[in-house]
Amino acid sequence: MGYLKLQIQNGSNAIEEGPAQCGARYLDKTTVACMINAEISAVLAVMRRNVRWGIHYMLDDDQWDHTLVQSLKELRKKIFTWPNQWHAIDPALYLQPFLDVIQSDETSAPITGVALSSVYKILTLDVIDQNTVKVGDAMHLVVDAVTSCRFEVTDPASEEVVLMKILQVLLACVKNKASAMLSNQHVCTIVNTCFLIVHQAGTKGELLQRIARSTMHELVRCIFSHLQDIDNKMCTLVNGSNSLKQEHGVLNNEHDFASRQLENGTSSSAYDTQLLSSTMGSNAGIVVEENTATDSSGKDNAQHELHLMTKPLGVPCMVEIFHFLCSLLNVVEHTGMGPRSNTIAFDEDVPLFALTLINSAIESGGPFIRLHPKLLNLIQDELFHNLMQFGLSMSPLVLSMVCSIVLNLYHHLRTELKIQLEAFFSCIILRVAQGRDGASYQQQEVAMEALVDFCRQSSFMVEMYANFDCDITCNNVFEDIVNLFSKNAFPLNSSLSFMHILALDALIAVVQGMAERIDNGSVSSEYPPMKPEEYTPLWMEKCDNFGDPNQWVPFVSRRKYFKRRLMIGADHFNRDPKKGLEFLQGTHLLPDKLDPQSVACFLRYTAGLDKNIIGDYLGNHDKFCVEVLYEFARTFDFQDMTLDTALRLFLETFRLPGESQKIQRVLEAFSERYYEQSPHILANKDAALVLSYSIILLNTDQHNAQVKNKMTVDDFIRNNRQINGGNDLPQEFLSELYYSICKNEISTLPQQGVGYPEMTPSRWIYLMHKSKKTAPFIVSDNRAHLDHDMFTILSGPTIAAISLVFDNAENEEIYQTCIDGFLAVAKISAHCHLENVLDDLVVSLCKFTTILDPSSAEESVLAFGDDMKARMATETVFTIANRYGDYIRTGWRNILDCILRLHKLGLLPAHMASDAANESELSAETGHGKYNANYLSATNLSSFTTPKRSSGLMSRFGLFLSLGTEETRSQPTEEELAAHQCTVQTIKRCHIDSIFTEIKFLHAESLLQLARAFINAAGQSHKQNRSPDDEDAAVFCLELLVAITLNNRDRIGLLWQDVYEHIRNIVQSTVMPGALVEKAIFGLLRICQRLLPYKENITDELLRSLQVILKLDAQVADAYYEQITREVSHLVKANASRIRSYSGWRTITSLLSITSRHREASEAGFDALLFIMSNGAHLLPANFVLCVDTARQFAESWVGLAKRSIEALDLMAGSVNCLVQWTSEAKEALEEKEGEISKLLQDIGEMWFRLVQGLRKVCLDQREEVRNRALLSLQKCLTESDGIHLPLVVWLQCFDLVMFPVLDDLLEIAKGHSQKYYHQNMEDSLILALNLLSKVFLRLLQDLSQSTTFCKLWLGVLDRMVKCMKVKIKGRTSSEKLQELVLELLKNNLFVMKSMGILVKSSSSEGDRLWELTWLQEVWDPVERFLFLGMKLHAKKDSLGGSVDSETDYAEEVIKLASFTSILWLEQVGLTKSHIGLSVICMRIVFAWVIYSKISSVSLENGHPKCNFCKVLKCVYLYILAD
């Protein structure tokens, strides 16, 4: 291809070359000379064969040589003698002889053909290029000679050869390196010559026809390829109208060539003649029309343009050629046939050929066309208008070529063709694809194929949506295309056709384009439009920079929001105009106070309005409606429009009302607006009004079938006399109006709705006006700016269409296409966070994964392996779950349904649930995510007789081992093995286990929905009469649910409530042991064990959940409590330090308490309690009371040996040390916080009191060793509590509620009044209890004496001592041990009370009362009996010869008591201390007297203590005598 590189110096072409370049660029001089000499010889040889030329050679006389021969011979002499190189020689010197031969009338066709071949060879030798001397003149000579070729026709074959040679040479001229030197005029001549040969070839052979057409294509391609090399500055020189001389030159060339062809014996067909004449008429018409519009400077412009035609190849010739090609499409108009006329009468050859050439021109010129306004204007108006016409052609070939041209125009010039593209898609391609206007199936296929090609352009759908769907004044092209595809993708009668596949390909191309844009770099695709808070004139809104996505994306999103709201408002308006306007005011799309302009814009630009309603509203006599009418008229641009065109355009927007007054108002508004913009002919607006009325009447007259006598043109002219300000309008003007109305009716019933209107001439004119004012075309940068909104519209129909095609398809290629579409939809849904769309996709896919046949698991597996559709769908479902699980919501239920089916068939990976739960526990054999060695092996195929309910490794391994013991079964066939292998590979590719092993990364909402899906699936097992398979499925779901919970410990708060409720429902609804309740119980325990170390904030909630175990049915509890206790023990040992709350410990201790009564579980339970309480390791104020109570229950429990009860008591007793420690720590830590310390000390006191109360209960145990240990433990707690702050009131409660009741209950038991059987002796227990009572009493005597209830307390102590002396254990005699103990304790108590000054006679009423109550008769009588007992013991001592044993020692103690008591009494009755000094002697006298007098029983009178005094005196007296 040639390139332009010219340097102008002094008006001539200068040649720049270097010596070094000559040898490389040009052939050797002699070589070229030889070649040219050969061509000369060839021409001369052919001439010699001709009779006319041969006679000259026979005479052998040079003077007889013809000038043609002589010039050739002269050239032969010179070519070897030229001193210069060939590029420095004027090409005319060696070309002229050949060109003379070509132009000669005397040469025959063979001679002319050889000469043409010679010229062709010279042009291709690389001798002539743009650096050759005078190359421009030489090229012009060649073109002139070839296009004026003359020859004698001898036979048709030789004529065709010459014509082909002409085409060959002309093409070589254009392809030559010097082609840039051809003038614009000569290039046009070349094209016209070739075009005429193409038409002449219609009567010739097939070969000539094909060569001619091919040459024409190549010519156009080469010419327009120069467009990119033309300097942009030159473009400004060629922006005027067509050159008159250029047109006439082209047409004259056509005429001359046609004449020459006729002279040579050729003729063209009638059709060709008609075509050429129509073409010339068309061109001439254009020239005249343009010339009439020129001003006084038109001649100067024409001369300048004529001058440009003499310039080297440039834009002027391209404009002329392109205009010529477009004019070829107008042949239909001139022949009186439309594209939809009878296909036999309509010859599609010419327009198809012209369309092909136009397509070549656009392909070659490409985006550089936009740099040249003249070319661009031809495309925008004339070309596209013709394309709109031929787009409705009945010929599929023409339609296909039209679509190809539009595709190229979209690719190269879409920014300049916004309105044209909208019109093409809305009025042509979509109408045809829908089969409207009688379009054939072939046409629909072509239209669909074209749309698919458009959709495969990565940015096409984005740009359709941004430029048209988001433009209030444009159609929703994107939505219309999507609806067309989705509708055509649905197969009818379950059979797929090519149309269905095309529609499917288109939908998938769209979604895959969106998916690719996501990969190109994700941007925020959501620009939520802000609801307007106040009215803004949205019709006037503009974007500052349509090249910046940060500006145009929010702008178009906002416009789309307004457009949707306007559609809703239009629907309201169609039902009630008033309410519709109110709705728009409420959404701030109209101002609160309506103004005519805003309402007029709404009526003018809003799609979907009922045109009848608009007409009625505009014709209303209301003042506001009239103002709206005039504003409505001002929205039209009638500049440069004829009156009938403007009226057509005006009336297309609404239906003209039927009432005359309304028509009057409407036409008045129209006439005023038209006169404002087109005042050239009409004198005033009244003239426009009258003429408009006249046009309406003419339209009715001409196109109403009921009118018989039609108006003539003379009638129309006569009816419109003197309407133009009293003058007549030009008759030509009125005649033009008349014929326009007669030819094309003005429709007063415009099409309703938002469909695809027909493209009328008036509508096209309007579109041309609109294109000048419309917003720039938005070019997408191939990023996902608007994909969110687009996909929202596209997703539903796409999923439905792909699913239906997938369901009805039977071809693997279609399957894969559908799967690709599904994956693309899933990817976009996830990117745009359209969870509902992804759920719908999953639901649709899962319908194709039906793999379970209730009759046989083996058959199901094999059927699944044979069903490619099911396998592909299953793999796709799990691919989506793995890739985009974050955005799945309700779709998890369907995915889980597939998992359960696979589980039922035993097709799931081994250890799927456990792998997900604890990755650290994976064995090296299976590994994470790996498949078991026995998993679905071919050898196991025959084992699929029953569904497997376990996918664990051991269960499968056991199944594998059992195969050897089973009976030999039939071997599977090769087909079965292949199907089974397909199943294995499919499940492996699904990577189902990855869903759960990677679940920790799943988004929160998706995770929650997955958990609920498991709960829902497992919940089906709660139904009555459930099958074992349902139970197995519920267990499997529960296992996975627990695994999910454990893997998401950081988000346990999200899952916990649902998981716990599910487990609780299982536990509470189960009355018999089973796998499900077992998994529920231990799953719950496992969750607590795993999460407690990490989630201290929900520790209480986790532990509280364990209370559900306490509600287990008795049978279920008995079956699992041993293992439950072990788990609880493990939990406590691992997490005791983390449990801080009372509620948490209450749950733990409640579980441990139950184990005290369970034989198998008690050991583990007590071990846990021992861990907690030993040395106070984990005792806390929060769990102290609970642990003590639990230890008490273990102490009371008869399960196990008494040793465990004793250990439990030791734990209770040892716990008092913790109380002492806490008290000390509290005092040290809270010295400055008196209020807090008092509360804490009070709480510790209450804990201590609960401790001793618990021990009190164990003190009544039937087992002696346990009972006695409890009494000792109680004593320890009471006596070692010095460090504990215990107020007096607590001690008083301790006496009343602990010590006194213990002693009382023991006395009752000793008497045998208890219903329980106590097989051990109670004497020791009473002794321990008395000692406990006395020690505590004496220990606290000082504090107790200050109490107002001390007297009562002291009497209670005395009373219980008396009862112990009197008690007869189980009917036997009184216990001497008890009696002796009581005497000793009483002595000690009295002594201490005396020494502390408590038991003294005082002047206070309180002291006297204590004294009196102490020495009342009922109190003293036992003392008196003590004396007699002492006498007996003393006597026994003497009889034994003074030997000492326990009894005699005890007798001494009794004597001491009696002595002390007597002395105490004597002192209190008034004797002086000097008398009392002999008290011991006196008592010895009393005993001596009693013994020697052998008084074993003395009847003592009851009464005043003085009686006793007398008796004592007597004893004292006798004692003194004895002494």
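Just so we're clear, the structure is a prediction, and the values are computed from it rather than from any experiment. Along the sequence shown, residues are numbered consecutively beginning with 1.
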Peer 1: My understanding is that only residues two or more places apart in sequence, or in another chain, count here; which of them pass salt bridge (Lys or Arg N to Asp or Glu O under 4.0 Å) with Asp1167?
Peer 2: Lys1133
Peer 1: When you measure from the side chain of Ser1334 to the backbone of Asn1331, do you find a donor-acceptor pair of N or O atoms at a distance under 3.5 Å?
Peer 2: no
Peer 1: Going by heavy atoms in the side chains, are Ile899 and Phe996 under 4.5 Å from each other?
Peer 2: yes
Peer 1: Nearest 0.5 angstrom please: Leu1085 CG to Tyr1120 OH, how far?
Peer 2: 13.0 Å
Peer 1: Within the structure provided, determine whether Glu1101 and Tyr1060 are in side-chain contact (heavy-atom separation under 4.5 Å).
Peer 2: no
Peer 1: Look at the rings of His903 and Phe1036 and say which category their plane angle falls in: under 30° parallel, 30 to 60° tilted, over 60° perpendicular.
Peer 2: parallel
Peer 1: At what distance, to the nearest 0.5 angstrom, does NZ of Lys1079 lie from SG of Cys1037?
Peer 2: 13.0 Å
Peer 1: Under a 4.5 Å cut-off applied to non-hydrogen side-chain atoms, are Thr1149 and Cys1187 in contact?
Peer 2: yes
Peer 1: Might you work through the salt bridge (Lys or Arg N to Asp or Glu O under 4.0 Å) test for Asp1305 and Arg1256, ending with a clear yes or no?
Peer 2: CA-CA 10 Å; Asp1305 292 340; Arg1256 180 192 79 79; 3.6 Å; yes
Peer 1: Should Tyr1094 and Ile1052 count as side-chain neighbours, where that means a heavy-atom distance under 4.5 Å?
Peer 2: no
Peer 1: Side chains of Gln1057 and Glu1061: any donor to acceptor distance under 3.5 Å?
Peer 2: yes
Peer 1: Can you measure from CD (Glu1308) to CE (Met1322) and round to the nearest 0.5 angstrom?
Peer 2: 11.0 Å
Peer 1: Salt bridge or not for Arg1192 and Glu1196, using N-O below 4.0 Å?
Peer 2: yes
Peer 1: Show which side-chain atoms of residues 1203-1211 pair as donor or acceptor with protein atoms under 3.5 Å away, not counting sequence neighbours.
Peer 2:
from, atom 1, to, atom 2, distance (Å)
Arg1204, NH1, Ser1162, OG, 2.8
Ser1205, OG, Phe1194, O, 3.4
Ser1205, OG, Ala1195, O, 2.9
Ser1205, OG, Ser1197, O, 3.3
Ser1205, OG, Arg1263, NH1, 3.3
Ser1205, OG, Arg1263, NH2, 3.1
Asp1210, OD1, Arg1269, NH1, 2.8
Asp1210, OD2, Arg1269, NH1, 3.1

Peer 1: Quick check for you: to the nearest 0.5 Å, what is the distance between Trp1056 atom CH2 and Thr1045 atom OG1?
Peer 2: 8.0 Å
Peer 1: What is the minimum heavy-atom distance between Leu1381 and Ile1327, and which atoms define it?
Peer 2: CD2-CG2, 3.5 Å
